[in-house]
Visitor: 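This is the structure, below, for whatever I ask next.
As the structure is a computational prediction, the values presented were derived from the model and not from experiment. When reading the values below, keep in mind they use all heavy atoms of this one structure, side chains included, and skip hydrogens, waters and symmetry mates.
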Amino acid sequence: TVEVTQKYIEFLRLVELLEEPDSLVYRLKKRPIRSFGTTLEWFIAELFIREFGVEAFWGVKFKGTRAGGDYDLLTKMDGSLLYMEIKSSPPKQVLDSEIAAFLRRIDELHPEISIFFMDTDLRMKDKMVPMFEEQLAYRSSDAPPVKRMEKELFSIADNIFIINASGSIQGNIERVLSRYYGPHIS
């Protein structure tokens, strides 16, 4: 429909992928795309809206926060605040400081459930899990362990999850939600 088309056009303009050389024509900008991150955040927010039937907000920034940066995705599910960090880069490009920032944002926001998502099929155990273990140990001598749920899905204290896109993004999110909400269902 015209309305849906206009929404897509506005989104592509918002993320600066589309230009309007005159009032009757749109075209993709002729520039290299440096990051797919914003589009991936939007896509996953749409996945939450369409598949899980909840409101979802992406690229959320708060003034005056100590943790800095933005919250890639926030949603409220079954009365619980969910925060998701979304990475489009491969594990080798993720820095310890990004894991530390994710954990600081959790400390500041206090979501009931948090997910660190990487858009990769690569193994999380090789680089990401050790980085989380190191950051958790740095923060506390009694840090909770990082436990494998299944395949490349991991949990920390049953409310922080590390996942990748292997198999299905939606399926992996469903597994996390099932793990978190399963024991909480009365």
Visitor: Looking at Met128 and Ile99, what are the two nearest heavy atoms and their distance?
Guide: CE-CD1, 3.6 Å

Visitor: Do Tyr71 and Met84 share a hydrophobic cluster, counting only Ile, Leu, Val, Met, Phe, Trp and Tyr and linking them when any side-chain heavy atoms are less than 4.5 Å apart?
Guide: no

Visitor: When you measure from the side chain of Gln170 to the backbone of Leu47, do you find a donor-acceptor pair of N or O atoms at a distance under 3.5 Å?
Guide: no

Visitor: Report yes if some heavy atom in the side chain of Gln135 is under 4.5 Å from a heavy atom in the side chain of Glu98; otherwise report no.
Guide: no

Visitor: When rounded to the nearest 0.5 angstrom, what is the spacing between CZ in Arg175 and CD in Glu150?
Guide: 5.0 Å

Visitor: CG of Leu81 to OG of Ser114: how many Å apart, nearest 0.5 Å?
Guide: 8.0 Å

Visitor: Donor-acceptor pairs under 3.5 Å, side chain of residues 50-64 to any protein atom, not counting sequence neighbours: which ones?
Guide:
from, atom 1, to, atom 2, distance (Å)
Arg50, NE, Glu46, OE1, 3.1
Arg50, NH2, Glu46, OE1, 3.3

Visitor: How would you list, by chain and number, every residue that makes a side-chain contact (heavy atoms from CB on, under 4.5 Å) with Leu12, sequence neighbours excluded?
Guide: Leu17, Leu18

Visitor: Please check if the number of heavy atoms outside Lys127 that lie under 6.0 Å from its NZ is greater than 12.
Guide: yes

Visitor: Can a donor-acceptor pair be found, under 3.5 Å and without considering hydrogens, that links the side chain of Glu10 to the backbone of Lys7?
Guide: no

Visitor: How long is the straight-line distance from CD1 of Ile115 back to CD1 of Ile163, given to the nearest 0.5 Å?
Guide: 5.0 Å

Visitor: With salt bridge (charged side-chain N to carboxylate O under 4.0 Å, His left out) as the test, would you mind laying out the steps for Glu19 and Arg27 before giving the verdict?
Guide: CA-CA 6 Å; Glu19 64 184 359; Arg27 68 177 175 216; 2.7 Å; yes

Visitor: Are the aromatic ring centres of Phe116 and Phe132 under 6.0 angstrom apart?
Guide: yes

Visitor: Linking I/L/V/M/F/W/Y whenever their side-chain heavy atoms sit closer than 4.5 Å, directly or via other members, would Met124 and Val176 fall into one cluster?
Guide: no

Visitor: So which atom in Asn159 and which in Glu112 form the shortest heavy-atom distance, rounded to 0.1 Å?
Guide: CB-O, 3.2 Å

Visitor: State whether the side chain of Asn164 and the backbone N or O of Leu122 hold a donor-acceptor pair below 3.5 Å, judged by distance alone.
Guide: yes

Visitor: Check the pair Ile49, Thr75 against side chain to side chain contact (heavy atoms under 4.5 Å, CB included), reporting the backbone distance first and the verdict last.
Guide: CA-CA 9 Å; Ile49 292 165; Thr75 187; over 6 Å; no

Visitor: Working note: Leu103 + Leu136, criterion side chain to side chain contact (heavy atoms under 4.5 Å, CB included); need CA distance, chi angles, decisive distance, verdict.
Guide: CA-CA 9 Å; Leu103 295 171; Leu136 291 166; 4.2 Å; yes

Visitor: Do Glu152 side-chain atoms and Lys125 backbone N/O form a donor-acceptor pair below 3.5 Å?
Guide: yes

Visitor: Check the pair Asp72, Ile44 against side chain to side chain contact (heavy atoms under 4.5 Å, CB included), reporting the backbone distance first and the verdict last.
Guide: CA-CA 10 Å; Asp72 292 345; Ile44 293 179; over 6 Å; no

Visitor: Would a 4.5 Å heavy-atom cut-off, applied to side chains only, mark Asn172 and Phe161 as touching?
Guide: no

Visitor: I want to check something: taking the side chain as every heavy atom from C-beta on, are Leu177 and Ile113 in contact at a cut-off of under 4.5 Å?
Guide: yes

Visitor: Would a single hydrophobic cluster contain both Leu74 and Ile86, if residues Ile, Leu, Val, Met, Phe, Trp and Tyr are joined by side-chain heavy-atom contacts under 4.5 Å?
Guide: no

Visitor: Of all heavy-atom pairs between Ala67 and Glu108, which one has the smallest distance, and what is that distance?
Guide: N-OE1, 3.1 Å

Visitor: Hey, can you tell me if Trp42 and Tyr8 have their rings parallel, tilted or perpendicular (30° and 60° cut-offs)?
Guide: perpendicular

Visitor: Look at the side-chain heavy atoms of Ile, Leu, Val, Met, Phe, Trp and Tyr, link any pair under 4.5 Å apart, and say whether Leu40 and Tyr83 land in one connected group.
Guide: no

Visitor: Are Phe102 and Ile160 side-chain neighbours, meaning at least one heavy-atom pair lies under 4.5 Å?
Guide: yes

Visitor: Under 4.5 Å between side-chain heavy atoms, hopping through other hydrophobics if needed: is there a path connecting Tyr180 to Ile162?
Guide: no

Visitor: Would you say CZ of Phe43 has more than 12 non-hydrogen atoms from neighbouring residues, nucleotides or ligands within 6.0 angstrom?
Guide: no

Visitor: Would you say that more than 12 heavy atoms from the other residues, nucleotides or ligands in this model lie under 6.0 Å from the CG of Asp142, or not?
Guide: no

Visitor: Out of curiosity, Lys151 NZ to Arg123 CZ, how far, rounded to the nearest 0.5 Å?
Guide: 14.0 Å

Visitor: Could you report the tightest heavy-atom contact between Ser89 and Val94, atom names first, then the distance?
Guide: OG-CG2, 4.0 Å

